[in-house]
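A short worksheet on the structure shown next.
Quick caveat, the model's predicted, so the values are computed rather than measured.
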Amino acid sequence: KLLTLANGDRIPMTDNVKIMFEVETLVNASPATVSRAGIIYVSDTDLDWSPTVKSWVSREKSGELQTVLTEIIDHYLGESTPVYPGKCFEFIARNFKQCMAVSRVGATTGLCNCLEILMQDHDQNNPVVLEKLFLYSLCWSVGGLLEAEDRVKFDAWLRENDRNGCMPVCKEHETIYEYYVSPES
């Protein structure tokens, strides 16, 4: 009972050893590895980004903060279903080709991580500040893999959907990608 990795490392598989691998494909796995693995397959369409984001929001201690974050998320991302990924992801899928493939769960996890870090240095009790932080996080996580010309279009879409005037006032030929949210905002 020995697991040999591709780099030659050998891991003894004793009774108290449990290893979990998260892989996109088992194409390069050896038959011995596959035979020792218990496989759980979760399709992107079965479990999309929404449960991950809802779980992250539910960890916030303040019910008021949870409510504000939920409203902002619902406004910009929409609600995902097995046949509809939400309005933001639908817009991106229909209009752009990202320069690198990333799952919606991965993109929204990056969004939540970025937003969580930014919230530490800003006023969490101000819904406008939270929305500005969300927009900044959204453009660098979900929209971060867009080419320059697509970023301009994504910026325009965000401005069309801006409900509280939270998008920065940009100079000509600039987008939200040239700005950040200062702690004084």
(message) Tell me whether Leu145 shares a hydrophobic cluster with Phe154, the cluster being built from Ile, Leu, Val, Met, Phe, Trp, Tyr side chains joined at under 4.5 Å.
(response) no
(request) Return each pair, listed once, that meets side-chain hydrogen bond (donor to acceptor under 3.5 Å, both in side chains) where at least one residue sits in residues 50-60; pairs must be two or more places apart or across chains. (result) Ser50-Glu79, Lys54-Glu79, Trp56-Glu116
(request) Indicate yes or no: at least one non-hydrogen side-chain atom of Ile92 is less than 4.5 angstrom from one of Trp157. (result) no
(request) Could you note down all residue pairs passing side-chain hydrogen bond (donor to acceptor under 3.5 Å, both in side chains) where residues 135-151 supplies at least one of them, sequence neighbours left out? (result) none
(message) Lys97: which residues meet the side chain to side chain donor-acceptor pair (under 3.5 Å) condition with it, sequence neighbours left out?
(response) none
(message) According to ring-ring contact (aromatic ring centres under 6.0 Å, His included), who are the partners of Phe96, at least two apart in sequence or on a separate chain?
(response) Phe91
(message) Distance check, rounded to the nearest 0.5 Å: Asp48 atom CG versus Phe89 atom CZ?
(response) 7.5 Å
(request) Could you name each residue pair satisfying side-chain hydrogen bond (donor to acceptor under 3.5 Å, both in side chains) that touches residues 105-115, not counting sequence neighbours? (result) none
(message) Side-chain heavy atoms nearer than 4.5 Å, only ILVMFWY residues, links allowed to pass through others: does that put Met13 and Leu5 together?
(response) yes
(message) Same cluster or not: Leu77 versus Val102, using hydrophobic residues (I, L, V, M, F, W, Y) connected whenever any side-chain heavy atoms lie under 4.5 Å apart?
(response) no
(message) Whether the side chain of His122 engages the backbone of Lys132 through a donor-acceptor N/O pair (distance < 3.5 Å, no angle test) should be reported.
(response) no
(message) Please enumerate all residues that pass side chain to side chain contact (heavy atoms under 4.5 Å, CB included) together with Pro168, with sequence neighbours excluded.
(response) Arg159, Cys170, Ile176, Tyr179
(request) Look up atom CG in Leu133 and atom SG in Cys166, then write down how far apart they are to the nearest 0.5 Å. (result) 9.5 Å
(message) Among residues at least two apart in sequence or on other chains, which ones pass side chain to side chain contact (heavy atoms under 4.5 Å, CB included) with Ser30?
(response) Ala32, Thr33
(message) So, taking the atom named CG in Leu69 and the one named SG in Cys112, what distance separates them when rounded to the nearest 0.5 Å?
(response) 9.0 Å
(message) Please enumerate all residues that pass side chain to side chain donor-acceptor pair (under 3.5 Å) together with Asn16, with sequence neighbours excluded.
(response) Thr14
(message) Let me confirm one number: the OG-CD distance from Ser62 to Gln124, rounded to the nearest 0.5 Å.
(response) 8.5 Å
(message) Using 0.5 Å steps for rounding, measure from the SG atom of Cys139 to the CE atom of Met167.
(response) 7.5 Å
(request) Give the C-alpha distance, both sets of side-chain angles, the deciding distance and a yes or no for side chain to side chain contact (heavy atoms under 4.5 Å, CB included) between Leu138 and Leu158. (result) CA-CA 10 Å; Leu138 181 67; Leu158 290 173; 3.6 Å; yes
(request) Name all residues meeting the side chain to side chain contact (heavy atoms under 4.5 Å, CB included) criterion together with Thr67; count only those two or more places apart in sequence or in a different chain, and write none if there are none. (result) Glu71
(message) Test: salt bridge (charged side-chain N to carboxylate O under 4.0 Å, His left out). Region: residues 161-175. Which pairs qualify, not counting sequence neighbours?
(response) Glu131-Arg163
(message) Between Trp49 and Ser103 (side chain of the first, backbone of the second, donor and acceptor by atom type, cut-off under 3.5 Å), is there such a pair?
(response) no
(request) Verify the cluster assignment for Leu130 and Tyr180: are they in a single hydrophobic cluster under the rule of side-chain heavy atoms below 4.5 Å apart? (result) yes
(request) Quick one: list whatever passes side chain to side chain donor-acceptor pair (under 3.5 Å) with Asp9, sequence neighbours left out. (result) Asn7
(message) So, using side chain to side chain donor-acceptor pair (under 3.5 Å) as the criterion, who are the partners of Thr175 when residues are at least two apart?
(response) Glu178
